[in-house]
Visitor: 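Take a look at the following structure, please.
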Amino acid sequence: MEPYFFPALWEQRRICIARTLYEHHIHSVLEVGCGEGNVLSFLVSQSPNDEHPITRLCGIDINNAALDLAYERLQPNDDDKRDLRVDPLSVQLFHGDASVPVPDLSVDAVVCTEVIEHVDEHVGAPALTHAVLGGYNPLLAVFTTPNAEFNVNFPGLAYGTPDARFRDDDHKFEWTREQFRSWAEGAADKYGYTVAIRGIGLSMRNPIAGFDPYGGCTQMAVFTRNAVDSTTHSDVVTGSPPRLYASTEYPVFTQPQLSSIALQKLVRKFALDICNTQHIFQLDDLWDILEIKQQFKRCRALEKWLDTQATYSASQTNELYTVNT
């Protein structure tokens, strides 16, 4: 059996990217080189932190066929139309060269995953770096790219020999960890960011004899914009900027809040449904119910409301509530 990753490497990358965005309380995201929309569609799911939802997703790609697939993938499905989300979500797709910034497009974060290795190392990579960090100047930027040193674990790539080849025929280069760090630290210094580097895909199932993770199959750089950026970015951007290709708005819950009595009945019904034999329920379990989210919008609002109701008694940590009978 061939070596493989579990979870799949693409899934590990998307999870790492999403967690990074959530941890930094990002509300709007642009993916440069979005392809068929796989990462963007992964981010359509609502953030686990309801105080900081992602409400805008943008993608840029030069391939029309890929954008058509992305548009289809990012359409609201039957569940989205039935289970109306609390917060709005808009999606915009742009067609064009990702190394030329979209005028007046402002986002909290830019994601560039498994893209930079597809452009020329000495011309395309600096242009793409400038577009992301210098052009959009986001609060957060995430880059991922293959770790060339990990290729030793794929015998078919003949890493370290005259017959060595890249993981994909379209790759123009693949950086070692030292090369990646040199690029990332240079870009951070030039554009006024702090950068942290980590590996993804540190282990494999059924690995080859002598397996060594070499820092991970994928390497990820997370750029966080410095509070004060006095850097001047003198790079000249040439070429036509990407143009809007398609846009989508997800349906959102807009009905008025229930009356006080109706709200009390609704909460009590669900609380009794989920509580145990001692009439105790967890706040998180109640918050997971869509009808509750639609009424309160934020978990903090639900918690505050419960504390004002004589029907419920909270534990010291407000994680557990008792339904008073």
Visitor: Assess, by modelled atom type and distance only, whether the side chains of Glu174 and Asn151 contain a donor and an acceptor separated by less than 3.5 Å.
Guide: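 A donor-acceptor contact under 3.5 Å links the two side chains.
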Visitor: Students often mix this up, so state it plainly: with edges at 30° and 60°, are the rings of Phe211 and Phe150 parallel, tilted or perpendicular?
Guide: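 Perpendicular, since the angle between the ring planes exceeds 60°.
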Visitor: With side-chain hydrogen bond (donor to acceptor under 3.5 Å, both in side chains) as the test, pick out the partner of Thr194 among Asn226, Thr224, Asp189.
Guide: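 That would be Asn226.
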Visitor: With a 4.5 Å cut-off on side-chain heavy atoms, are Val132 and Tyr191 touching?
Guide: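 In short, these two side chains do not touch, never coming nearer than 4.5 Å.
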Visitor: Looking just at side-chain N and O atoms, do Asp97 and Ser99 make a donor-acceptor pair shorter than 3.5 Å?
Guide: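 Result is yes, a qualifying pair exists.
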Visitor: Would you give me the side-chain donor-acceptor pairs under 3.5 Å for residues 111-118, sequence neighbours excluded?
Guide:
unit_1, atom_1, unit_2, atom_2, d
Thr113, OG1, Thr144, OG1, 2.6
Glu114, OE2, Thr144, OG1, 2.6
Glu114, OE2, Thr145, N, 3.2
Glu117, OE1, Thr145, OG1, 2.8
His118, ND1, Asp170, OD2, 2.6

Visitor: Do you see a donor-acceptor pair shorter than 3.5 Å between the side chains of Thr129 and Trp183?
Guide: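 Yes - a donor-acceptor pair under 3.5 Å links their side chains.
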Visitor: Are Tyr250 and Asp87 linked by a side-chain donor-acceptor pair shorter than 3.5 Å?
Guide: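 No, Asp87 and Tyr250 have no side-chain donor paired with an acceptor closer than 3.5 Å.
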Visitor: Is a donor from one side chain sitting under 3.5 angstrom from an acceptor on the other, for His95 and Asp61?
Guide: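 Short answer, no.
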Visitor: Between the side chains of Asn38 and Arg73, is a donor N or O closer than 3.5 angstrom to an acceptor N or O?
Guide: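 The answer is yes; a qualifying pair exists.
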Visitor: I need the minimum non-hydrogen distance between Tyr71 and Ala246, along with the two atoms involved.
Guide: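 Shortest heavy-atom separation between Tyr71 and Ala246 comes out as CD1-CB, 3.5 Å.
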Visitor: With Arg243, which residues qualify under side-chain contact (heavy atoms from CB on, under 4.5 Å), at least two apart?
Guide: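 For Arg243 there are no side-chain contact (heavy atoms from CB on, under 4.5 Å) partners, ignoring immediate neighbours.
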Visitor: Is the Phe180-Phe143 ring centre distance short of 6.0 angstrom?
Guide: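 Ring-ring flag for Phe180/Phe143: false, centres at least 6.0 Å apart.
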Visitor: With a 3.5 Å cut-off and no angle check, do the side chains of Asn324 and Ser313 form a donor-acceptor pair?
Guide: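 Looking only at side-chain atoms, Ser313 and Asn324 do form a donor-acceptor pair, the distance falling under 3.5 Å.
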Visitor: Given side chains that start at C-beta, do those of Tyr321 and Glu303 come closer than 4.5 Å, heavy atoms only?
Guide: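 Yes; the side chains approach each other to less than 4.5 Å.
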Visitor: Of the options Leu89, Asn77, Ile54, which is the one that meets Val44 in a side-chain contact (heavy atoms from CB on, under 4.5 Å)?
Guide: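 Going through the options one by one, the only one that passes is Leu89.
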Visitor: Checking Arg56 now: which residues fulfil salt bridge (charged side-chain N to carboxylate O under 4.0 Å, His left out) with it, not counting sequence neighbours?
Guide: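 Salt bridge (charged side-chain N to carboxylate O under 4.0 Å, His left out) list for Arg56, sorted by chain: empty.
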Visitor: Just wondering, do Arg14 and Ile17 contact through their side chains at under 4.5 Å, heavy atoms?
Guide: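 The answer is no, as the side chains (C-beta and beyond) never meet within the 4.5 Å cut-off.
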Visitor: Take atom CD of Glu51 as the centre, draw a 6.0 Å sphere, and report whether it contains more than 12 heavy atoms from other residues, nucleotides or ligands.
Guide: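 Atom CD in Glu51 is crowded, with more than 12 foreign heavy atoms closer than 6.0 Å.
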